[in-house]
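Side-chain atoms are counted along with the backbone in the values below, which use heavy atoms only and exclude waters and symmetry mates.
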Number of protein chains: 2
Amino acid sequence: MSQGNTDVTTEVSPVRQCETPAAQAACSVLEVLGRVSGKWSIGILLVTTQGPARFTELERQVKGISRRMLTLTLRNLERDGLLTRTVYPTVPPKVEYTATPMARELYDSLLALTGWAERHLHEIDRARADYDGAAAPEAVRTPALAG
Amino acid sequence: MSQGNTDVTTEVSPVRQCETPAAQAACSVLEVLGRVSGKWSIGILLVTTQGPARFTELERQVKGISRRMLTLTLRNLERDGLLTRTVYPTVPPKVEYTATPMARELYDSLLALTGWAERHLHEIDRARADYDGAAAPEAVRTPALAG
DNA sequence: CGGGATCCTCCGGGATACTG
DNA sequence: CAGTATCCCGGAGGATCCCG
């Protein structure tokens, strides 16, 4: 996300499959996912979309994040134009991060995914249990219960 | 994705921030992202959504993917109930993968992200260039051009 | 308070070779 | 044809210390 410059903007994208028209959609999604991926981007986007937030405030609200990753993720979001960073040169430094309109739009789009997730969460869990139950039952063969 | 069991289903999710009501949405999104992340999931979903596809067919269509990652990603998508795997026990083995209705719904939701990406791609690139241009110009100070 | 610099760990994913 | 197994590397992300 930071130490290695993935250089998405300049050269060939990680997926060459953007040739067919239908696959262009996939590439766009991949672009978005690239920006929003990382454990913390969405959490930060969420908080800052509710209103301006300070650094320490974010550190508390996005629970579990380290200072390092908070900084890095904030920098990347700022770089992508999803956050604006406002510095108040007061005696105790004060920095506020705010989501841009573009970020709010993104969050709206993410709600579509949220809807899908909520609708199918149980279905997915069932599918997983089904798959795992059918694949792993080497030692747990207790036919007494099954019959 | 495979070697380490992330165990999303059983224990505390990687983000503890699911306490506030607004943050539940983020957790759902994170769930989806977890399933669809990885370089190849979306590409595979894309192809299989167009119709049943065989292993080697996918290997060709999703250009750049390795046989290993194709297998792994297929297994995970199947496990999540996003793909169905059909084996034809013919002399040369034949396996077909098909997207489930749930996967098709997911793909529709992803189109929202696609739309966002296409609408704001230029804006993001501009923001990046802006950010990079303001941060890195240590040696490239050519005021002759600027003035 | 709001970071930057450094070290280290873990795992996603590529390359390659073998199998039924 | 459709996988499986093994080795290996890069980069995301945590922990810790330091700085203005």
The criterion is salt bridge (Lys or Arg N to Asp or Glu O under 4.0 Å); which residues satisfy it with [X], sequence neighbours excluded?
X        : value
A:Arg85  : none
A:Arg104 : none
B:Glu59  : B:Arg67

Could you tell me how far apart [X] ([atom1]) and [N] ([atom2]) are, to the nearest whole angstrom?
X       : N      : atom1 : atom2 : answer
A:Ile42 : D:dG13 : CD1   : P     : 12 Å
A:Leu70 : C:dC1  : CG    : P     : 14 Å
A:Leu72 : C:dG2  : CG    : P     : 17 Å
A:Met69 : C:dA5  : CE    : C1'   : 15 Å
B:Trp40 : C:dG14 : CH2   : P     : 5 Å
A:Ile44 : D:dG13 : CD1   : P     : 11 Å
A:Ile65 : D:dA12 : CD1   : P     : 15 Å
A:Glu57 : C:dC1  : CD    : C1'   : 13 Å

Heavy-atom pair of closest approach, residues B:Val32 and A:Ala117: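 Distance-wise, the nearest heavy atoms are CG2-CB, 3.2 Å.
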Minimum-distance pair of heavy atoms, taken over all atoms of A:Leu77 and A:Ser41: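 The answer is CD1-O, 4.1 Å.
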side-chain contact (heavy atoms from CB on, under 4.5 Å) involving A:Pro52 - partner list, sequence neighbours excluded: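 For A:Pro52 the side-chain contact (heavy atoms from CB on, under 4.5 Å) partners, ignoring immediate neighbours, are A:Glu96, A:Thr98.
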Under the side-chain contact (heavy atoms from CB on, under 4.5 Å) test, residues paired with A:Leu121 that sit two or more places apart: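 A:Leu121 satisfies side-chain contact (heavy atoms from CB on, under 4.5 Å) with A:Asp125 once adjacent residues are dropped.
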Contacts under 3.5 Å, N or O only, protein and nucleotides 4-6 of chain D:
none

Closest to side chain of B:Pro93, choosing from C:dG3, D:dC1, D:dG14: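 So the nucleotide nearest the side chain must be D:dC1.
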Short side-chain N/O contact from B:Thr56 to OP1 or OP2 of D:dA2, under 4.0 Å: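 Checking B:Thr56 against D:dA2: at least one side-chain N or O falls below 4.0 Å of OP1 or OP2.
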Sugar-phosphate, base or nothing in reach of B:Tyr88, heavy atoms under 4.0 Å: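 Counting heavy atoms under 4.0 Å across all strands, no contact is made by B:Tyr88.
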